[in-house]
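Everything on this sheet refers to the single structure shown next.
One-based numbering along the sequence shown. If you're wondering where the values come from, they're calculated on a predicted model, not measured in any experiment.
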Amino acid sequence: MFSYYLKLALLSCKRTWGMTLLMVLAIALGIGAAMTTVTVNYLMSANPIPQKSDQLFYVQLDNWEPNNPFFDNGDPPDQLTYRDATYLWQAKKAPRQVIMSGMSAVVEPKDKDALPFMVTGRASSADFFPMFDVPFLYGSGWDGAADAKKELVVVINAELNERLFGGRDSTGETLRLAGKDFRISGVMARWDPKPKFYDITTGPFEDVEEVFVPFSLITEQFFDRSGNTNCWKPTESGFQAFLDSECIWTQLWVELPSSADREAYQSFINAYTAEQHKFGRFARQDNNKLSDVMTWLEQRQVVSDDASMMMAMALMFLAVCLLNTVGLLLAKFLGKASEIGVRQALGASRNDLFLQHLVESGVIGLAGGVLGLLLAWLGLEAVKAMYGDWIRDLAVLDLNMVLLAIALAISSSILAGLYPTWRACQVQPSQQLKAQ
């Protein structure tokens with residue numbers, strides 16, 4: 001029967017092609033606007049490491065000015081001081097822990113004709129790679145001994161490996177970085193989590209860094225630090241004084257597989273701040289947080305209020321388009337009153353007529369959904385042009401969004417067709433036959 005209803009729907013749409021086109025366009029405009037904003041919000045709020053996001057925790061301690069909290073809502077600062085982060089990291093109270101900061105350096109290619117160039121980087125400890133499930137094309141990260149010995153080792157990404165070594169296995173080769181010769185221990189495969197959850201202080205949708213080096217080399221001042229640095233009290237001159245200051249610029253992540261591990265680590269950082277409080281630090285000694293990946297992203301409002309508001313407005317626009325579709329479907333179906341009356345007289349039940357017209361609504365919705373996908377793609381291209389490279393990976397219609405768009409279009413059109421279909425099925429065949 002479905003194929004028969006589908007044939008009747010196509011004949012009806014062809015017969016009233018003008019009205020059908022208006023309904024398809026109305027649905028397409030609504031779907032296009034809605035899917036443009038829904039896609040961006042969906043990818044902005046995606047889980048960047050779903051296999052273990054509930055086991056990775058960002059550490060926050062409140063070392064900030066006693067009478068002036070870092071955040072208006074009272075949350076602790078979004079980074080740690082060097083001395084606090086290094087103490088917690090060296091204590092090894094979690095199965096894995098990563099201390100890190102942004103950095104940048106100049107690469108000197110082996111090709112004498114090639115000019116030196118700047119690369120973005122991250123100074124991190126060895127657990128960064130296994131903890132965040134970083135994939136490798138060649139080699140691997142360094143080990144804890146390299147951190148302790150301040151070895152000149154480096155992990156590079158696939159793009160930099162392609163640029164410098166033609167994409168071949170470069171592990172064991174030398175990379176001239178910041179005026180020093182570093183041994184390449186591994187080449188990362190393409191890895192670009194969005195949002196970039198492990199450091200959102202400089203932007204949650206920035207690209208993953210090109211080089212990674214041991215965090216312990218920070219004290220050697222080989223590199224230019226990058227990222228945000230905030231201080232609430234003046235520091236003495238000299239780099240060591242800066243390291244010992246209350247300035248925040250480092251990040252610390254810990255892997256805590258069980259609730260017992262989390263409770264133990266929370267007790268550990270609480271005891272640490274209580275001890276430091278005795279020396280005049282941590283005025284808000286109990287304001288310590290462990291936030292898993294998704295909680296951390298939500299806490300820092302990675303999905304902006306503007307983006308959420310735009311999505312809400314787009315969905316309201318879709319609702320307006322559907323209301324217009326309801327009116328057009330009502331006019332179309334009631335215009336077929338005589339046809340409906342004849343079919344009833346020939347034995348068609350109201351259920352048959354109801355299903356027939358719902359199929360017709362679904363066909364219109366499917367056509368509107370396909371056209372809406374095209375409009376959504378154009379809308380996402382416009383978003384890329386307006387906001388630049390940072391959003392290029394977010395403004396993409398993946399398979400989930402395509403299926404959602406089609407399902408939304410069909411279900412919306414069927415929903416919009418319920419009332420017009422019900423009204424059409426109330427036609428009395430005797431009146432229509434008498435009129436004929």
Side-chain angles (χ1 to χ4, degrees), residues 44-49 53 56-65 68-86 88-89 97-105 118-125 127-128 131-132 134 191-213 215 217-218 223-233 235 242-243 245-255 269 287-307 387-391 393-394:
M44 286 177 70
S45 60
N47 188 337
I49 184 167
S53 61
L56 304 178
F57 292 86
Y58 190 70
V59 181
Q60 292 173 271
L61 308 179
D62 195 347
N63 72 307
W64 208 245
E65 184 179 356
N68 186 22
F70 187 82
F71 289 112
D72 291 338
N73 64 359
D75 280 349
D78 56 356
Q79 297 186 102
L80 300 176
T81 66
Y82 173 82
R83 60 172 167 170
D84 292 330
T86 52
L88 299 181
W89 171 59
Q97 50 271 309
V98 175
I99 184 174
M100 68 179 94
S101 176
M103 48 77 68
S104 60
M118 185 74 73
V119 292
T120 60
R122 179 150 297 271
S124 69
S125 53
D127 281 345
F128 182 95
M131 186 167 161
F132 296 141
V134 178
W191 181 66
D192 194 19
K194 289 291 189 291
K196 196 178 81 171
F197 66 96
Y198 60 84
D199 182 9
I200 61 175
T201 59
T202 56
F205 302 106
E206 297 295 323
D207 290 336
V208 169
E209 295 81 3
E210 298 166 277
V211 299
F212 292 77
V213 297
F215 180 82
L217 295 176
I218 283 285
F223 315 108
D224 295 324
R225 291 186 308 104
S226 62
N228 292 332
T229 299
N230 293 290
C231 308
W232 66 270
K233 61 192 305 186
T235 62
F242 172 71
L243 295 180
S245 72
E246 295 294 341
C247 296
I248 56 171
W249 55 276
T250 61
Q251 302 96 42
L252 182 71
W253 283 87
V254 292
E255 184 172 344
I269 61 176
N287 194 23
N288 310 311
K289 276 192 172 184
L290 290 175
S291 303
D292 64 30
V293 172
M294 296 308 292
T295 301
W296 174 237
L297 297 179
E298 182 179 352
Q299 179 182 325
R300 294 276 53 86
Q301 297 181 330
V302 168
V303 181
S304 68
D305 292 338
D306 288 347
Y387 293 100
D389 290 342
W390 73 269
I391 203 170
D393 293 329
L394 301 177

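Heavy atoms only, all atoms of each residue included: Pro77 and Trp64 are closest at CG-CB, 4.0 Å. For the residue pair Ser226 and Ser101, the shortest heavy atom distance occurs at O-OG, 4.1 Å. Listed here is the closest heavy atom pair of Asn63 and Asp84: CB-OD2, 4.4 Å. The minimum heavy-atom distance between Asp199 and Arg122, with the atom names listed, is OD2-NH2, 2.6 Å. In plain terms, the two heavy atoms of Asn228 and Gln79 that are nearest each other are O-NE2, 3.0 Å. Of all non-hydrogen atoms in Lys194 and Glu206, the two that sit nearest each other are NZ-O, 3.5 Å.
Between the Gln60 side chain and the Lys289 main chain, no donor and acceptor come within less than 3.5 Å of each other. Asp224 contributes no side-chain N or O that, together with a main-chain N or O of Ser104, makes up a donor-acceptor pair within less than 3.5 Å. Proximity of a side-chain donor or acceptor of Thr86 to a complementary backbone N or O of Tyr82 within less than 3.5 Å is detected. In this structure a side-chain-to-backbone donor-acceptor pair under 3.5 Å is present from Tyr58 to Asp78. Using a distance-only test at 3.5 Å, with no hydrogens or angles considered, no donor-acceptor pair links the side chain of Thr202 to the main chain of Gly227.
Taking the six-membered ring where the residue is Trp, Tyr198 and Phe132 present parallel rings, their angle staying beneath 30° rather than reaching 60°. By the 30° and 60° cut-offs, the orientation of the rings of Phe242 relative to Trp249 is parallel.
When the shell of 6.0 Å around CD of Glu298 is examined, it contains 12 or fewer heavy atoms from other residues, nucleotides or ligands.
The CH2 atom of Trp232 sits 10.0 Å away from the CG atom of Asn68 when rounded to the nearest 0.5 Å. Taking OG1 of Thr120 as the start and CZ of Phe212 as the end, the distance is 8.0 Å to the nearest 0.5 Å. Atom CG of residue Asn230 and atom OG1 of residue Thr81 lie 12.5 Å apart, to the nearest 0.5 angstrom. Going from atom CD of Gln97 over to atom CG of Leu88 covers 9.5 Å, rounded to the nearest 0.5 Å. The CD1 atom of Ile218 sits 9.0 Å away from atom CG of Leu243, with the distance rounded to the nearest 0.5 Å. Rounding to the nearest 0.5 Å gives a distance of 7.0 Å between CG of Asp75 and CG of Asn287.
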Evaluation steps, side chain to side chain contact (heavy atoms under 4.5 Å, CB included), between Met100 and Glu209: CA-CA 12 Å; Met100 68 179 94; Glu209 295 81 3; over 6 Å; no

Could you please spell out the steps behind the side chain to side chain contact (heavy atoms under 4.5 Å, CB included) verdict for Thr250 and Phe215? CA-CA 10 Å; Thr250 61; Phe215 180 82; 3.9 Å; yes

Please evaluate residues Leu290 and Val59 with respect to the criterion side chain to side chain contact (heavy atoms under 4.5 Å, CB included), reporting the C-alpha separation (whole Å), side-chain torsions for both, the decisive distance (0.1 Å), and the verdict. CA-CA 5 Å; Leu290 290 175; Val59 181; 3.8 Å; yes

Evaluate the criterion side chain to side chain contact (heavy atoms under 4.5 Å, CB included) for residue pair Trp296 and Ile200; output intermediate values, then yes/no. CA-CA 10 Å; Trp296 174 237; Ile200 61 175; 3.6 Å; yes

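Residues Pro76 and Asn288 form no side-chain contact, since every pair of their non-hydrogen atoms from C-beta on lies 4.5 Å or further apart. Proximity of Pro204 to Leu297: side-chain heavy atoms (C-beta onward) are nowhere separated by under 4.5 Å.
Defined by atom type and a distance below 3.5 Å, a donor-acceptor pair is present between the side-chain atoms of Asn47 and Ser53.
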